[in-house]
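Presented below is the structure to which this report refers.
Below, chains carry the letters A, B, ... as their sequence lines are ordered, and counting in each starts from 1. What you see below is based on every heavy atom in this structure, not just the backbone, and it leaves out hydrogens, waters and symmetry mates.
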Amino acid sequence: MEFSYDDEQVALREAVAGLLARAYGGDQRREVTATDPGFDEKTWGRLAEMGVLGLPFAESDGGMGAGPVEVSIVAEEIGRVLAPEPFIEAVVLAGGLVSDLGTDAQRAEVLGAVAEGSLIPAFAHTEPGSRWEPAALAVTATEDGGSWRLTGVKEPVPNGARADLLVVSALVGGATRLYLVQGDAEGLTRTGYRNHDGTRSAKVAFDGTPAQLLGDAAGDRTAAIEKALARARVAYGHEALGAMETALTTTSEYLKTRKQFGVTLNKFQALTFRAADMYVSLELARSTVMWATLVVDADGDVVAAADRARLQTSRASRHIGKEAIQLHGGIGMTAEYKVGHYTSRLTAIDHLLGDGDWALSRLAAGVTEYETVDPLA
Amino acid sequence: MEFSYDDEQVALREAVAGLLARAYGGDQRREVTATDPGFDEKTWGRLAEMGVLGLPFAESDGGMGAGPVEVSIVAEEIGRVLAPEPFIEAVVLAGGLVSDLGTDAQRAEVLGAVAEGSLIPAFAHTEPGSRWEPAALAVTATEDGGSWRLTGVKEPVPNGARADLLVVSALVGGATRLYLVQGDAEGLTRTGYRNHDGTRSAKVAFDGTPAQLLGDAAGDRTAAIEKALARARVAYGHEALGAMETALTTTSEYLKTRKQFGVTLNKFQALTFRAADMYVSLELARSTVMWATLVVDADGDVVAAADRARLQTSRASRHIGKEAIQLHGGIGMTAEYKVGHYTSRLTAIDHLLGDGDWALSRLAAGVTEYETVDPLA
Amino acid sequence: MRLQLSPEDQAFREEMRAFFTSAVPQSIRDTVAARRELTKDQLVESQRVLNAAGLAVPHWPVEWGGRGWTPLQRHIWHEEMMAACVPPPLAFNATMIGPVIAAFGNQQQKERFLPPTANMDIWWCQGFSEPDAGSDLASLRTTAVRDGDHWVVNGQKTWTTLGQYADWIFCLARTDPTAEKRQRGISLLLFPMDTPGVTLRPIELIDGGREVNEVFFEDVVVPAENLVGEENQGWGIAKFLLGNERVGVAPVAMIKRLMAQAKQHAAEITVGGAPLSADPLLAARIAELENEVLALELTAIRVVANSADGKPHPASSVLKLRGTELQQAATELLVDIAGPASVASFAGEDSDVPGWARVATPSYLNYRKASIYGGSNEVQRTIIAGSILGL
Amino acid sequence: MRLQLSPEDQAFREEMRAFFTSAVPQSIRDTVAARRELTKDQLVESQRVLNAAGLAVPHWPVEWGGRGWTPLQRHIWHEEMMAACVPPPLAFNATMIGPVIAAFGNQQQKERFLPPTANMDIWWCQGFSEPDAGSDLASLRTTAVRDGDHWVVNGQKTWTTLGQYADWIFCLARTDPTAEKRQRGISLLLFPMDTPGVTLRPIELIDGGREVNEVFFEDVVVPAENLVGEENQGWGIAKFLLGNERVGVAPVAMIKRLMAQAKQHAAEITVGGAPLSADPLLAARIAELENEVLALELTAIRVVANSADGKPHPASSVLKLRGTELQQAATELLVDIAGPASVASFAGEDSDVPGWARVATPSYLNYRKASIYGGSNEVQRTIIAGSILGL
């Protein structure tokens with residue numbers, strides 16, 4: 001087991017960090033997230049130019065043929081500055097599903113365009129009343145003379161209003177399948193709105209909306225969706241690591257400079273000990289999330305590893321998000337200061353694809369089936 | 001709702017506190033618990049002289065006719081000095097069952113003697129493999145020409161070796177009934193030992209041991225046992241309150257006097273804040289336990305109130321017990337210093353009649369059945 | 001020691017419950033129940049309904065509208081009000097400046113200010129906190145310089161809650177910069193928010209709300225008669241005011257309302273064919289939280305019973321500390337029950353995400369303030385360690 | 001970045017596993033598994049088996065028995081040893097005084113002490129802590145006064161673990177009482193425990209065990225040649241020793257063993273007709289704890305990989321802090337699974353309470369020490385805040 005990055009990976013990290021520092025090193029995020037689509041199309045274009053948007057796709061599909069470690073590096077840098085660009089949503093999740101399941105023609109049509117930045121897909125999966133299940137609940141697909149039509153509502157769909165292409169889960173006779181729906185399809189109504197963390201979601205309504213089956217196999221896609229969600233959970237874990245690290249360093253910096261009662265706050269041991277506990281949470285989460293990425297890389301039990309990463313990240317991000325505000329005091333509550341945005345984003349990440357207690361329930365259900373957890377196995 | 005003691009109750013508290021301070025104000029506890037029966041028979045006699053051992057029994061049964069508030073005052077003073085006398089075990093629990101269920105003759109025979117200190121009963125209920133259930137598991141009673149005989153093993157039975165009389169739960173045709181067994185009965189084998197907290201328990205084996213049915217009704221006693229256990233849980237809550245208070249004051253005193261790095265420990269804010277959190281735990285537990293005693297007094301839903309008190313006390317006593325040692329450092333680990341004994345006893349109390357998670361499970365099972373908890377209702 | 005309320009208190013409780021659930025407009029109470037923001041008009045209307053019935057300022061001196069209730073009655077009044085989703089009287093008026101004027105003001109100030117303060121004819125805001133002061137009030141920098149029969153105020157305040165609605169401000173300013181102890185030389189002044197030289201800048205909070213403000217003073221002229229108490233004795237007044245802030249602060253009824261809502265929503269959500277409320281981990285989390293709220297409520301009753309002399313019981317700090325923690329835990333529970341819908345905070349009315357789920361995360365984020373404002377939880381721990389444990 | 005062990009490390013792991021599960025006597029390993037106390041003879045025997053195979057002191061310099069392993073290999077060695085219930089080499093010998101003599105001792109001292117130290121021909125104990133010093137080592141009071149070619153030692157040590165078995169003690173003493181900084185003027189001396197003037201008094205701990213001792217020195221004569229390093233330079237040696245104490249301290253394999261035992265016992269207990277392990281709250285508690293142990297294990301692997309220069313990585317403090325917390329959580333879990341039987345700690349062999357349940361609470365109480373000894377968790381937080389966060 002080996003946890004260090006090779007030279008190329010370090011170079012990727014530095015390049016992405018540099019790009020994002022230019023884009024979000026100052027106060028740009030508030031401005032960018034104030035108007036639709038909630039991210040900066042120019043930054044998106046620059047990420048495409050750097051090759052970041054095609055990282056996980058096969059070279060034959062127009063991608064870079066890189067792996068989950070490279071994806072994790074990008075996600076972590078995104079988290080570090082809270083870049084609102086939908087990298088995980090569009091590239092890892094929606095793009096990943098097309099990459100996994102698409103026909104040659106679909107992959108050729110979609111993935112190159114995603115990599116170039118000219119097409120942004122979104123995964124429309126969550127439905128009103130659903131709770132992180134991998135299956136569709138009430139959106140249905142019907143075949144109509146060789147072509148498909150979808151009916152029902154998906155909400156909230158991250159980046160669903162801006163997306164050029166929707167990857168949609170829908171029920172056909174009890175099975176969940178995946179479909180591609182063009183952003184300008186007839187019978188498609190999208191109502192976008194702001195999430196609490198400044199990103200965007202949408203209500204996406206289908207009313208006999210024409211759709212194309214993703215891939216050519218007829219089977220149920222629940223397991224494939226679960227696996228794609230697991231990979232996205234791990235990637236979100238890295239975004240959370242980046243965000244937690246900034247929240248902690250910002251807090252430490254504040255404690256070193258802010259004065260009260262005539263001395264800087266780092267003279268108050270009760271506060272510095274709490275910062276130390278934040279560091280402990282961060283480092284333990286980091287280890288678990290990095291390990292989960294290696295499990296994805298090795299194509300091990302990705303779903304279980306993602307649950308473990310999610311549980312650890314959920315606990316850590318709540319701890320760090322809350323303490324970062326509390327240790328700042330009033331300033332931490334304001335939208336003009338950055339630390340509260342980190343807490344908001346960490347809260348969103350925690351709830352996007354399953355929270356800590358949800359992951360814990362799944363792990364608890366299997367706890368009698370093994371003697372010990374062996375990460376080296 | 002009113003939480004203050006009347007003058008008589010204050011006088012009782014002072015009298016008991018005075019008696020116990022003379023008995024256990026110094027290092028006497030280690031000496032007393034070093035040899036069987038693990039408590040001081042002389043102190044027991046003095047408690048009897050003061051009327052404490054007959055507090056909850058009807059005057060017509062030779063008791064004082066006092067209520068659960070008076071019992072709670074005694075329990076709290078016992079906890080404060082960690083007196084090892086089996087007040088709750090003998091008077092509240094075993095005596096309480098005889099008082100609740102005994103025939104006139106049984107009450108007359110047993111309770112006056114308990115009040116006088118001449119007879120110490122114990123409740124033999126827990127069995128190997130049982131888990132705080134109110135019913136008997138494997139000890140059986142059989143009728144044999146108008147008299148009863150018991151067979152099976154009870155363990156651990158608090159104070160079971162010293163007891164003059166055992167109140168025993170046993171199964172008859174699926175129902176749990178209660179029996180009285182004399183300490184010198186034939187077919188009774190008792191093996192006493194020391195518990196980790198210095199008190200005593202025993203393995204009590206019955207082999208066709210003659211027994212007398214407690215009371216003259218033939219029905220199942222599970223509900224009556226559950227209620228008696230609930231009252232004892234509340235009384236143990238008060239013992240825990242007394243112990244937690246001493247653990248906290250001892251810790252505060254230590255922080256004020258112990259020097260490290262040239263200053264007293266109370267200059268370290270991280271330590272004083274933790275002491276403050278101990279106080280918060282104690283006061284919240286105190287409110288809940290006092291309330292539960294009032295529910296017992298009003299004969300309300302005693303079982304639910306006891307579960308609530310137990311949950312709160314379990315959380316508080318673990319928190320305070322652990323922190324009391326940690327804030328002392330090495331000295332807190334030693335048997336010569338008192339604080340570790342408080343942690344040991346709090347740990348025992350927590351496991352004697354159901355721990356916090358056990359109470360939580362019971363409360364969680366009913367959580368959808370009401371809208372809010374109203375303590376004034 | 002008695003479990004039940006006395007017959008009188010029981011009757012009092014029923015009277016309060018009947019009043020709050022009938023006299024205060026349903027639309028206002030529905031807004032509170034839905035955790036939506038109240039308008040200025042709603043807040044004023046609600047308090048006037050209370051004031052007309054003598055229920056706005058029951059803790060004031062009797063001659064100024066107080067009721068001479070026992071602490072337990074005040075507790076019951078507060079809890080029934082909150083349980084009925086009635087917005088409590090504006091703290092700046094009822095809890096802060098009103099009692100201060102009643103205690104430290106002269107007769108003319110009492111007559112001038114107390115009736116309109118009780119009736120919300122004046123909306124007050126606070127001018128205590130400053131950008132570089134935080135919990136360290138003694139380091140404030142706003143100055144008031146005497147010029148004939150006026151004071152001239154310069155400086156800046158912050159965290160002025162609902163300052164955008166305020167008619168008047170009560171303001172701490174340094175009136176003797178030469179005082180040896182920093183706590184000396186501070187005075188309390190009152191002036192209208194539309195006095196020339198007063199400007200207000202809203203501060204957006206992390207939930208997107210704009211409830212707090214910065215207030216800037218540039219040569220603001222305040223008549224000398226608007227000084228409360230004695231010159232340079234403002235520190236004692238401030239301590240009196242902040243002490244009151246800690247009395248009866250445990251938001252028990254509000255937390256219980258959130259818990260009841262959480263249980264109801266969890267019962268309505270289906271997971272794998274069963275209601276979410278049947279999930280053992282969630283049920284245990286709710287049961288544990290309810291038990292802690294019960295302990296808080298009982299402690300509040302114990303503490304109010306020992307606050308009869310009007311001074312805050314030291315254990316009041318337990319109520320503030322634990323009350324805000326549990327309030328935060330309840331808001332967090334609602335976010336988790338909302339689950340995947342909890343991100344959709346600013347969805348419109350045509351959204352399929354229910355209103356309670358939309359408001360869940362902003363409310364959770366907003367309530368992070370609870371452990372910071374009004375004496376942070378670190379301040380409360382300092383009080384407990386110092387005043388109670390002697391550390 | 002790579003999930004799997006390299007083929008070499010995989011082979012190394014299997015070699016270690018095979019050795020530990022076959023070469024060390026089963027009776028010793030059974031005693032460890034049952035959490036019973038090992039005798040002195042068992043401890044000596046076990047370490048001699050390791051030493052004979054070159055596995056007792058792999059981290060020492062190669063010329064004195066070290067193996068030149070990578071940090072990951074040392075981690076694997078330690079974890080496999082613990083997983084196989086093999087008692088680790090005595091810390092006082094292998095981790096403390098051995099490396100100190102190897103680093104600071106002269107050639108004669110190395111030759112005289114290192115081989116018998118590795119082989120447990122000498123059992124060492126520590127003479128660092130003093131009654132009034134605690135974590136504040138610089139305030140120690142034991143003195144050593146030079147008298148010709150001897151030192152004369154007077155004073156008192158405490159928390160001397162297993163001192164009752166010890167042949168020799170390594171002892172910090174103040175050799176220059178006039179030094180301006182308290183850290184100066186301290187030296188490290190070695191002497192046999194049967195030197196006249198040395199007396200030992202056992203300290204009973206709260207679990208009833210007697211593993212620690214006080215040691216008193218009254219005019220104890222120590223040959224000058226038994227000074228390690230330079231006179232008055234003992235502080236640096238002490239820091240080196242205590243730093244080593246923090247390397248690889250996370251008791252991961254031990255916690256995993258406890259967790260596996262807990263799961264097994266829970267599966268064997270029946271509650272309401274179902275195994276206790278099926279209780280949703282208990283299963284969740286176990287799953288959460290296992291996940292935290294996984295995080296600890298992975299962090300240990302990350303940290304050892306960054307400790308290649310032999311100095312403790314600052315994040316070692318995370319391992320000590322969290323490792324002891326999780327160790328304590330695992331012992332607490334076992335108490336709770338034992339339930340009503342957990343009080344019966346000193347029941348005899350004829351008891352129906354199983355042995356693991358009898359030992360559960362004493363072990364839980366005993367492990368409260370883990371967060372106090374060897375650099376308390378408060379010390380670890382100070383290190384993290386200071387060295388890592390710069391606070």
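Residues of residues 384-391 of chain D placed with any heavy atom under 4.5 Å of a heavy atom in chain A are listed by number as D/Ile384, D/Ala385, D/Ile388, D/Leu389, D/Gly390, D/Leu391. For residues 230-237 of chain A, an interface with chain D (any heavy-atom pair closer than 4.5 Å) does not exist. Within residues 280-298 of chain D, the residues having any heavy atom under 4.5 Å from a heavy atom of chain A are, by residue number, D/Ala283, D/Ala284, D/Ile286, D/Ala287, D/Glu288, D/Glu290, D/Asn291, D/Glu292, D/Leu294, D/Ala295, D/Leu296, D/Glu297, D/Leu298.
Of the two parts of D/Met259, neither the backbone nor the side chain holds a non-hydrogen atom closer than 4.5 Å to a non-hydrogen atom of chain A. Residue D/Gln264: no heavy atom, backbone or side chain, is found under 4.5 Å from chain A. For A/Val69, the part sitting under 4.5 Å from any heavy atom of chain D is the side chain, from C-beta outward, and nothing else. With a 4.5 angstrom heavy-atom cutoff, A/Ser4 touches chain D only via backbone atoms. Only the side chain of A/Leu248 comes within contact range of chain D, judged by heavy atoms closer than 4.5 Å. For chain D, the nearby part of A/Asp277 is the side chain; its heavy atoms alone come within less than 4.5 Å. Contacts between A/Gln9 and chain D at a heavy-atom distance below 4.5 Å involve the side chain alone, from C-beta outward. D/Leu321 touches chain A through its side chain: at least one heavy atom from C-beta onward sits under 4.5 Å away, while N, CA, C and O do not. Residue contact with chain D, scored on non-hydrogen atoms closer than 4.5 Å, is absent for A/Arg274. In this structure, chain D has heavy atoms under 4.5 Å from both the backbone and the side chain of A/Phe273.
With respect to A/Val280, the side chain to side chain contact (heavy atoms under 4.5 Å, CB included) criterion is satisfied by exactly one of D/Val318, D/Thr299, D/Leu319: D/Val318.
If you tally non-hydrogen atom pairs under 4.5 Å between each of A/Asp297, A/Leu284, A/Asn266 and chain D, the highest count goes to A/Leu284. For the options A/Arg286, A/Arg308, A/Glu253, heavy-atom pairs under 4.5 Å to chain D are most numerous at A/Arg308. Each of A/Leu311, A/Leu363, A/Thr368, A/Thr372 has some count of heavy-atom pairs under 4.5 Å with chain D, and the biggest count is that of A/Leu311.
Side-chain contact between A/Leu294 and D/Met1: present, with at least one pair of heavy atoms (C-beta onward) separated by less than 4.5 Å. A heavy-atom distance below 4.5 Å is not found between the side chains of A/Glu2 and D/Gln4. Here the side chains of D/Lys263 and A/Tyr370 are in contact, with some heavy-atom distance below 4.5 Å. Residues D/Glu378 and A/Gln269 form no side-chain contact, since every pair of their non-hydrogen atoms from C-beta on lies 4.5 Å or further apart.
Residue D/Lys239 places its NZ atom among 12 or fewer non-hydrogen atoms of other residues, nucleotides or ligands, all under 6.0 Å distant.
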Q. Going through the distances and angles, do A/Glu371 and D/Lys256 end up as a salt bridge (Lys or Arg N to Asp or Glu O under 4.0 Å)?
A. CA-CA 9 Å; A/Glu371 192 183 22; D/Lys256 287 168 80 169; over 6 Å; no

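With rounding to the nearest 0.5 angstrom, the CG atom of A/Asp374 is 10.0 Å from the CD atom of D/Glu79.
Residues satisfying the side chain to side chain donor-acceptor pair (under 3.5 Å) test with A/Asp7, not counting sequence neighbours, are none.
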